[in-house]
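Heads up, the thing below is written out as structure tokens.
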Amino acid sequence: MKTLENDRFLRALLREPVDVTPVWMMRQAGRYLPEYRATRARAGSFMDLCKSPQLACEVTLQPLERFPLDAAILFSDILTIPDAMGLGLHFAEGEGPRFEHPVRCAADIDKLGVPDPELELKYVMDAVRTIRRELHGRVPLIGFSGSPWTLATYMVEGGSSKEYAHVKGMLYDRPELMHALLDTLAQTVTAYLNAQIAAGAQAVMVFDTWGGILTPRDYREFSLRYMAQIVAGLTREADGRRVPVVLFTKGGGAWLEAMADTGCDALGVDWTLDLGDARRRVGDRVALQGNMDPAVLYASPERIRQEVAAILKSYGRGSGHVFNLGHGIHQHVDPQRAAAFIEAVHELSPSWHP
């Protein structure tokens, strides 16, 4: 594989010295970009876009053509796993993802197998291989998955939810069923991420979107436990260098220390936490990724620059910080504001690196 021209993202995740704080954006290949919307229309549907390695590669690279980002992230969806498990995923207009066959009982769980990443999910691996080849070593490629708890939430609810009645009902009333489901998902996510690493992903991230809806006790038992199982089972070296692992629980600021104990390399931090406080709590055990409120990108370039400066100051001097938004970029953001954000990080951060 070609040597990386820009590896500051990987070095920052491993808390190694960098010249500039690296920056990328969650959901950076998305609907805020007109070129993405054009490719999405050409694909016919969102899942058709995900399942075409060439088109997934095209949209993965689109933000890198516009902005001097320090990493690319595989264009895919966290629901590829339950789709490969045969739950009948479809996207209803204005409603988000829905499953024809939600998982509600022991028989439903017993029917679930661990999909073979190079069979049922081969289109994802083909996308990783294609993107890695087309990047030509410009920047690292991030692979990802949803966490077992987050995947279970969609699978049991049958789609998005506001009350989480079915999934929390199962958690409280039939915890043994929930553990059986989560164990199958942890095995699946481990195999899925390891296959992405084998295909060329140079870092991997676990998105625990719904961990923050749990009580502290339930978070540790039903979310963190299974993310720790995944971290323990991951390939941690490829192409002669370490493959960093990032864990991100939205709304998970209360559990940073416990998350750092999993053995991951970095933690994603949302905007509800002060980054300096987060750094003081985890010390030098893990790097931190985040954490500007995505809504700041609706503000003027001057105000965006002020917010970037404030977050850099909050983190302080030294490496171990990957600048990102606290969650995904909103679809109605002007791309010029995203450009102002990335420019500000690169212009203002060198003074924080000795």
Side-chain angles (χ1 to χ4, degrees), residues 76-85 87 99 102-106 108-117 121 143-157 161 164 166-197 201 203-236 243-268 270 286:
S76 188
D77 192 83
I78 64 169
L79 299 182
T80 54
I81 283 176
D83 182 45
M85 289 176 158
L87 301 192
F99 288 109
V103 176
R104 298 277 169 81
C105 64
D108 294 337
I109 295 170
D110 288 343
K111 282 189 286 191
L112 299 175
V114 174
D116 184 328
L121 290 159
F144 72 92
S145 174
S147 72
W149 167 253
T150 292
L151 296 176
T153 299
Y154 285 106
M155 292 165 69
V156 176
E157 291 296 328
S161 176
Y164 309 99
H166 295 292
V167 72
K168 285 199 169 186
M170 183 186 289
L171 181 154
Y172 289 123
D173 215 30
R174 298 294 306 276
E176 75 284 0
L177 290 188
M178 181 56 68
H179 281 303
L181 174 57
L182 292 169
D183 185 64
T184 296
L185 286 169
Q187 293 177 52
T188 301
V189 171
T190 303
Y192 184 56
L193 290 177
N194 279 338
Q196 290 183 38
I197 292 166
V204 291
M205 184 164 171
V206 179
F207 285 89
D208 185 32
T209 311
W210 300 123
I213 68 168
L214 293 168
T215 68
R217 182 182 66 250
D218 292 332
Y219 174 76
R220 285 179 168 81
E221 183 176 351
F222 294 97
S223 183
L224 188 62
R225 168 179 167 181
Y226 292 97
M227 289 197 288
Q229 183 177 322
I230 291 162
V231 172
L234 288 178
T235 303
R236 302 300 284 274
V243 178
V245 181
V246 185
L247 300 185
F248 173 59
T249 294
K250 186 171 183 285
W255 308 306
L256 290 185
E257 295 89 344
M259 292 173 74
D261 286 340
T262 62
C264 66
D265 298 286
L267 299 177
D270 70 19
V286 291

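- The ring of Phe207 has its center closer than 6.0 angstrom to the ring center of Phe144.
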Just list the side-chain donor-acceptor pairs under 3.5 Å for residues 110-117, sequence neighbours left out, or say none.
| unit_1 | atom_1 | unit_2 | atom_2 | d |
| --- | --- | --- | --- | --- |
| Asp116 | OD1 | Glu118 | N | 2.8 |

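- Atom CE of residue Met170 and atom CD of residue Glu157 lie 9.5 Å apart, to the nearest 0.5 angstrom.
- Checked by atom type and distance alone, the side chain of Asp108 pairs as donor or acceptor with a backbone atom of Arg104 at under 3.5 Å.
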Show your working on side chain to side chain contact (heavy atoms under 4.5 Å, CB included) between Arg220 and Leu214 and close with a plain yes or no.
-> CA-CA 9 Å; Arg220 285 179 168 81; Leu214 293 168; over 6 Å; no
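- In terms of heavy-atom proximity, Gly211 sits nearest to Tyr219 at O-CD1, 3.6 Å.
- The distance from atom CD of Glu221 to atom OG1 of Thr215, rounded to the nearest 0.5 Å, is 9.0 Å.
- Between atom CG of residue Leu171 and atom NE2 of residue His166 there is a gap of 14.5 Å, rounded to the nearest 0.5 Å.
- Atoms CD and OG1, from Gln229 and Thr262 in turn, are 12.5 Å apart once rounded to the nearest 0.5 Å.
- Between Met227 and Val206, the closest heavy-atom pair is SD-CG1, 3.9 Å.
- Using a 4.5 Å heavy-atom threshold, the side chains of Val156 and Tyr164 count as separate.
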- Stepwise side chain to side chain contact (heavy atoms under 4.5 Å, CB included) test for Val189 and Tyr226: CA-CA 10 Å; Val189 171; Tyr226 292 97; over 6 Å; no
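- Atom OG1 of residue Thr150 and atom CD1 of residue Ile81 lie 11.5 Å apart, to the nearest 0.5 angstrom.
- Nearest approach of Gly233 to Asn194, heavy atoms of both residues: O-ND2, 3.0 Å.
- Asp270 pairs by the salt bridge (Lys or Arg N to Asp or Glu O under 4.0 Å) definition with nothing, not counting sequence neighbours.
- In terms of heavy atoms, Leu234 sits closest to Thr190 at CD2-O, 4.0 Å.
- Under 3.5 Å, the side chains of Tyr154 and Trp210 contain a donor-acceptor pair of N or O atoms.
- In terms of heavy-atom proximity, Leu177 sits nearest to Ile109 at O-CD1, 3.3 Å.
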_Between Cys264 and Val286, is the side chain to side chain contact (heavy atoms under 4.5 Å, CB included) condition met? List the steps._
CA-CA 7 Å; Cys264 66; Val286 291; 4.2 Å; yes
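- Closest heavy-atom contact between Asp208 and Ser147: OD1-OG, 2.6 Å.
- The side-chain heavy atoms of Met85 and Thr188, taken from C-beta on, include a pair separated by under 4.5 Å.
- Separation of atoms CE (Met155) and CG (Leu87) is listed at 5.0 Å; rounding is to 0.5 Å.
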What donor-acceptor contacts under 3.5 angstrom involve side-chain atoms of residues 253-261, with partners at least two apart or in another chain?
| unit_1 | atom_1 | unit_2 | atom_2 | d |
| --- | --- | --- | --- | --- |
| Glu257 | OE1 | Arg281 | NH2 | 2.9 |
| Glu257 | OE2 | Arg281 | NE | 2.9 |
| Asp261 | OD1 | Arg285 | NH1 | 2.4 |

| Could you go step by step and tell me if Met178 and Trp149 meet the side chain to side chain contact (heavy atoms under 4.5 Å, CB included) rule? | CA-CA 9 Å; Met178 181 56 68; Trp149 167 253; 4.1 Å; yes
